[in-house]
Protein chains: 4
Amino acid sequence: MSRPGRKSRGRAIDNTNVRAQVSDVTLVQQRREQIVEAAVELFSKQGFYRTTVQEVAARAGMSTGSIYHYARTKEDILLLALLSVLHSYATEIPHALEGVTDPMERLWRAVGAYCKVIDSRRAATVLAYRSTKSLPRKQQEMVKDAELETNTLIADCVADCRSAGLIRDVDVAMATHLFVMFAHSWALKHWRLQESMSRAEFLRDGFDILFTGIATPAGLEKYAGLMKSLEKAGAA
Amino acid sequence: MSRPGRKSRGRAIDNTNVRAQVSDVTLVQQRREQIVEAAVELFSKQGFYRTTVQEVAARAGMSTGSIYHYARTKEDILLLALLSVLHSYATEIPHALEGVTDPMERLWRAVGAYCKVIDSRRAATVLAYRSTKSLPRKQQEMVKDAELETNTLIADCVADCRSAGLIRDVDVAMATHLFVMFAHSWALKHWRLQESMSRAEFLRDGFDILFTGIATPAGLEKYAGLMKSLEKAGAA
Amino acid sequence: MSRPGRKSRGRAIDNTNVRAQVSDVTLVQQRREQIVEAAVELFSKQGFYRTTVQEVAARAGMSTGSIYHYARTKEDILLLALLSVLHSYATEIPHALEGVTDPMERLWRAVGAYCKVIDSRRAATVLAYRSTKSLPRKQQEMVKDAELETNTLIADCVADCRSAGLIRDVDVAMATHLFVMFAHSWALKHWRLQESMSRAEFLRDGFDILFTGIATPAGLEKYAGLMKSLEKAGAA
Amino acid sequence: MSRPGRKSRGRAIDNTNVRAQVSDVTLVQQRREQIVEAAVELFSKQGFYRTTVQEVAARAGMSTGSIYHYARTKEDILLLALLSVLHSYATEIPHALEGVTDPMERLWRAVGAYCKVIDSRRAATVLAYRSTKSLPRKQQEMVKDAELETNTLIADCVADCRSAGLIRDVDVAMATHLFVMFAHSWALKHWRLQESMSRAEFLRDGFDILFTGIATPAGLEKYAGLMKSLEKAGAA
DNA sequence: CATGAATGAGAGTTCATTCAT
DNA sequence: AATGAATGAACTCTCATTCAT
């Protein structure tokens with residue numbers, strides 16, 4: 001109950017503009033967590049349209065009527081679910097960077113953490129790609145904003161590497177985009193990728209190409225050192 | 001009527017295992033083209049579930065009943081639509097490679113053509129990501145197979161570059177994956193990317209990073225030469 | 001409300017394997033009685049296929065959607081209706097035998113009660129003949145089982161008569177079959193029979209032939225006595 | 001092609017008031033035989049409502065459009081099919097009586113032939129019970145008339161037996177009704193009866209009860225003689 | 001606040017019938 | 001006379017949402 005992911009999810013659900021009919025703030029938060037957990041699971045497995053509100057209610061352990069005290073429409077539930085997933089990403093990455101100061105290592109860790117959290121909720125990631133367009137325009141914007149939050153975390157690492165002279169004069173936005181899509185693609189193309197590689201291999205080989213593609217000679221040297229030390233750590 | 005895209009779409013629709021109630025082959029092909037055109041448009045804009053078969057029929061200029069002479073279920077229509085889009089990709093790329101023999105240039109052209117055809121049917125590309133999971137498992141496989149078709153085209157170019165000593169000892173599958181996701185991402189993240197770059201810039205900058213990431217020194221030299229000649233051609 | 005027919009119908013509806021979406025047992029029973037009453041009436045008059053679920057709902061005083069909370073398919077409604085009718089038969093006969101111990105008289109009363117209850121629900125009886133085959137195989141079995149229930153009641157009476165030496169060495173199953181078909185035929189051929197006889201005449205003349213066909217001399221004597229006493233009772 | 005059944009069916013189809021759009025009489029008759037054969041088979045197996053006109057057309061080896069040159073509606077096809085079956089019954093019985101003059105034996109043969117022809121087309125017999133009510137009132141009358149035709153054949157035999165002093169003073173109509181229902185019941189309850197008896201046993205035991213029920217002492221004696229001679233014939 | 005039965009508009013699909021060829 | 005593609009009304013069933021308790 002005290003995992004940061006949880007807390008963050010709770011906070012996300014709070015800031016959602018999805019107004020509830022119930023005034024007790026703590027209760028709202030608790031019920032929405034129940035709903036979101038059920039919704040993420042069901043929507044991810046069955047898709048948004050194939051899942052009924054009744055099913056969500058049952059899985060969340062409450063009545064159909066109660067659902068509508070905490071979300072105005074089925075689409076509100078979807079929004080809650082998507083934001084919950086997206087915010088959990090935005091929480092995991094900083095967590096992985098805590099105490100790490102080296103820009104090279106920070107970038108490596110950030111991308112690695114992103115891949116890892118996506119791996120742990122692959123179906124939910126695919127859900128975001130499938131279902132965002134099912135939302136009203138305004139809510140789509142909220143999802144995109146949440147996505148940008150994560151993007152910024154990666155972008156900051158990229159920018160720091162550039163300031164540190166590790167990467168050459170490439171568009172930070174483009175480099176970020178490639179790293180982000182790389183992480184997402186582990187979920188999107190998991191059906192194909194899993195046949196030929198593990199997540200660790202995927203991360204190592206993909207990061208290698210992307211970083212090599214943007215690195216300065218100094219950056220490459222640093223990168224080689226990092227990899228070597230990781231190998232040693234891995235071997236130990 | 002003789003555009004290769006058309007022709008290919010026709011062929012794709014033929015090989016679909018979606019059996020029709022009508023025996024006249026030409027008629028089936030023609031009607032399915034009507035249906036597919038309407039379906040791609042409507043599904044792309046509104047999503048699969050928000051679009052009714054009635055709407056597809058109306059847009060295709062036929063009655064509800066007629067639709068069901070050419071597709072057994074609404075999902076069949078979706079399959080037809082997705083395969084049509086995917087096959088059109090698989091047709092455009094070879095078209096762009098006709099007469100080009102240099103491996104470096106072939107890779108560049110293949111990725112460029114992929115980005116271009118995706119750009120021209122962005123909504124349909126997103127549709128494939130959103131809706132494939134709405135299909136029965138068997139039909140999902142067909143969509144994945146069609147996607148692999150295109151993948152192979154890119155993979156062949158990558159492999160040729162490697163044989164030619166232009167790229168280093170990286171996993172061809174991984175490199176291909178990155179190029180493919182790169183092309184797809186133009187559609188998937190168009191809402192964000194379009195703000196800061198044109199498709200040409202996107203292609204140039206992204207390809208630069210990815211190719212640099214996999215190139216040998218010889219490959220980098222060759223790449224520089226290609227870019228210079230393209231610039232000249234562009235300037236002329 | 002305390003008529004035995006009612007009670008039996010309720011019980012029958014309970015034991016039906018037709019699962020409802022609603023948990024309140026009393027409510028389910030009550031709503032199903034409404035539905036069954038409407039269904040028997042409409043199906044009997046118009047036939048199963050010519051009757052829409054909407055019509056049944058309207059006549060039952062509820063919405064289309066509600067119907068589907070108490071029966072999973074239109075065929076479930078038919079099953080409920082047929083079982084209700086069949087079970088009402090199986091209830092009327094024991095009722096008519098209460099307190100009667102003489103085997104001869106029991107047989108006479110059983111057949112008479114069967115004819116009477118069939119007469120009172122002629123259309124429903126014909127419905128069973130018309131519509132059982134419209135049911136899925138499993139549900140057809142349930143209907144047949146229910147029919148056998150009634151058969152057994154008659155068969156028991158026949159067997160008792162034989163034990164009592166009133167009927168000769170004929171196949172009990174065959175004799176039962178003839179009595180049962182005799183009763184059913186009052187509904188099946190009512191269009192023709194009603195022109196030339198009343199139900200009482202039908203029963204008297206038909207029973208006379210069938211019983212004479214199976215009786216021992218002792219049985220015939222007993223039968224003559226019974227008829228005489230009934231005549232007297234009728235005359236009084 | 002020269003079997004009497006065929007001929008009769010042809011005649012029946014002619015006298016049907018189902019008007020065709022085609023004038024060539026021979027052609028109409030031939031096509032209707034095709035249609036009827038297909039319809040009896042499909043309606044019997046699947047039921048009237050579960051069978052489509054398209055299916056009937058396909059099985060009859062003609063196009064959907066052609067069907068409508070020989071029957072105005074789907075119900076016309078049903079009428080044609082039912083009358084065909086009913087008339088085939090009315091033809092088989094006289095056939096079985098040819099050259100037989102003894103009233104006792106004629107009755108036995110008539111009932112036997114009825115059971116036999118019903119046995120050979122059990123599904124079609126059940127079809128008549130299921131589907132007659134699906135017809136417009138006028139056409140229902142035609143079916144009933146056709147049924148009465150057969151009834152009359154049996155009734156005549158019964159009446160002759162009575163004139164010959166073989167049966168006692170019972171209502172001829174009632175006796176006929178019992179014999180007819182007895183024959184029909186072989187098809188209607190075949191699912192149950194087949195488990196415990198063959199058609200020959202069914203006929204022997206059932207006829208025994210019914211005839212005993214109506215016979216005079218003289219009739220019983222005659223009947224015993226007939227049975228003995230049949231046994232001998234059977235044994236030889 | 002919580003419940004869950006009730007609602008009814010709306011979706012996909014079928015098929016008897018028509019009619020241009 | 002024959003064809004078979006086209007039609008569209010009509011049906012069954014679903015499910016987001018409401019509201020009396």
Side-chain angles (χ1 to χ4, degrees), chain A residues 20-24 27-28 31 49-58 61-77, chain B residues 20-24 27-28 31 49-58 61-77, chain C residues 20-24 27-28 31 49-58 61-77, chain D residues 20-24 27-28 31 49-58 61-77:
Chain A
Q21 284 179 17
V22 174
S23 49
D24 179 331
L27 183 58
V28 169
R31 287 276 188 272
Y49 285 102
R50 288 214 189 295
T51 304
T52 70
V53 174
Q54 271 87 347
E55 283 175 290
V56 175
M62 62 182 75
S63 69
T64 320
S66 288
I67 288 265
Y68 282 88
H69 291 158
Y70 302 99
R72 289 263 221 278
T73 65
K74 192 187 178 191
E75 278 147 0
D76 270 0
I77 302 175
Chain B
Q21 279 179 27
V22 172
S23 51
D24 181 329
L27 182 60
V28 169
R31 286 279 184 275
Y49 287 103
R50 287 218 185 296
T51 304
T52 69
V53 174
Q54 317 262 351
E55 285 175 289
V56 175
M62 60 182 79
S63 68
T64 322
S66 287
I67 289 264
Y68 283 90
H69 289 153
Y70 301 98
R72 288 238 251 278
T73 63
K74 193 187 178 190
E75 280 154 357
D76 269 359
I77 302 175
Chain C
Q21 279 177 29
V22 172
S23 49
D24 181 329
L27 183 59
V28 169
R31 287 277 185 274
Y49 287 103
R50 287 219 185 294
T51 304
T52 70
V53 175
Q54 317 262 353
E55 286 175 290
V56 175
M62 60 183 77
S63 68
T64 320
S66 287
I67 288 265
Y68 283 90
H69 289 155
Y70 301 98
R72 288 240 250 279
T73 62
K74 193 187 177 190
E75 280 154 358
D76 269 0
I77 302 176
Chain D
Q21 282 178 19
V22 174
S23 50
D24 180 332
L27 183 59
V28 169
R31 287 276 188 273
Y49 285 102
R50 286 215 189 297
T51 303
T52 69
V53 174
Q54 271 89 345
E55 284 176 289
V56 175
M62 63 182 75
S63 68
T64 319
S66 288
I67 289 265
Y68 282 87
H69 290 157
Y70 302 98
R72 288 261 224 275
T73 65
K74 194 188 177 190
E75 280 148 358
D76 269 0
I77 302 175

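Lettering follows sequence order; numbering is per chain, from 1.
- Phosphate proximity of E:dT14 to B:Y68: absent, as no side-chain N or O sits under 4.0 Å from OP1 or OP2.
- In this structure, CD of C:Q21 is placed 14 Å from C1' of F:dA16, rounded to the nearest angstrom.
- Minimum heavy-atom separation, C:V28 to C:V22: CG2-O, 3.3 Å.
- Across all strands shown, A:R31 has heavy atoms under 4.0 Å from sugar-phosphate atoms exclusively, and none from any base.
- Taking atom CZ of residue B:R50 and atom P of nucleotide E:dG12, one finds them 13 Å apart after rounding to whole Å.
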Item checked: Test log, rule side-chain contact (heavy atoms from CB on, under 4.5 Å), inputs C:Y70 and C:L27 -> CA-CA 10 Å; C:Y70 301 98; C:L27 183 59; 3.6 Å; yes
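- Position along DNA chain F of the nearest nucleotide to C:Y49 versus B:T64 favours B:T64 as the more 5'-ward residue.
- In terms of phosphate contacts, D:S63 brings a side-chain nitrogen or oxygen within less than 4.0 Å of OP1 or OP2 of F:dT3.
- In this structure, B:S66 reaches the bases: a heavy-atom distance under 4.0 Å links it to at least one base atom across the strands shown.
- Side chains of B:T64 and B:Q54: a donor on one and an acceptor on the other come within 3.5 Å.
- Nearest-nucleotide assignment on DNA chain E puts the 5′-proximal partner with C:I67, out of C:I67 and B:G65.
- When distances are taken from the side chain of A:H69 to each of E:dC1, F:dA2, E:dA6, the shortest belongs to E:dC1.
- Atom pair D:E75:CD and E:dC15:P shows a separation of 16 Å (rounding to whole Å applied).
- Between A:Y70 and the phosphate of E:dA2, there is a side-chain N or O to OP1/OP2 separation shorter than 4.0 Å.
- Rounding to whole angstrom units, CD1 of residue A:I77 and C1' of F:dA16 are separated by 10 Å.
- In the set E:dT17, F:dC13, F:dT17, F:dC13 carries the atom at the smallest distance from any side-chain atom of C:T73.
- Across every strand in view, F:dA1 sits unpaired, with no contact that passes the Watson-Crick or G-U test at under 3.5 angstrom.
- Along DNA chain E, the nucleotide nearest C:M62 and the nucleotide nearest C:Q54 are compared for position; the residue whose nucleotide lies closer to the 5' end is C:M62.
- Rounded to the nearest 0.5 Å, atoms NZ (B:K74) and OG1 (B:T52) are 7.0 Å apart.
- Look at CG on B:D24: it is 16 Å from P on F:dT3, rounded to the nearest Å.
- Look at F:dC11: its Watson-Crick or wobble partner, with both distances under 3.5 angstrom, is E:dG12.
- At whole-Å resolution of the value, NZ in C:K74 and P in E:dT14 are 16 Å apart.
- Here the C1' atom of nucleotide E:dG12 and the CZ atom of B:R72 are 16 Å apart, to the nearest Å.
- Between atom NE2 of residue A:H69 and atom CE of residue A:M62 there is a gap of 11.0 Å, rounded to the nearest 0.5 Å.
- Base pairing of F:dT17: its partner is E:dA6, meeting the Watson-Crick or G-U wobble criterion (both donor-acceptor distances under 3.5 Å).
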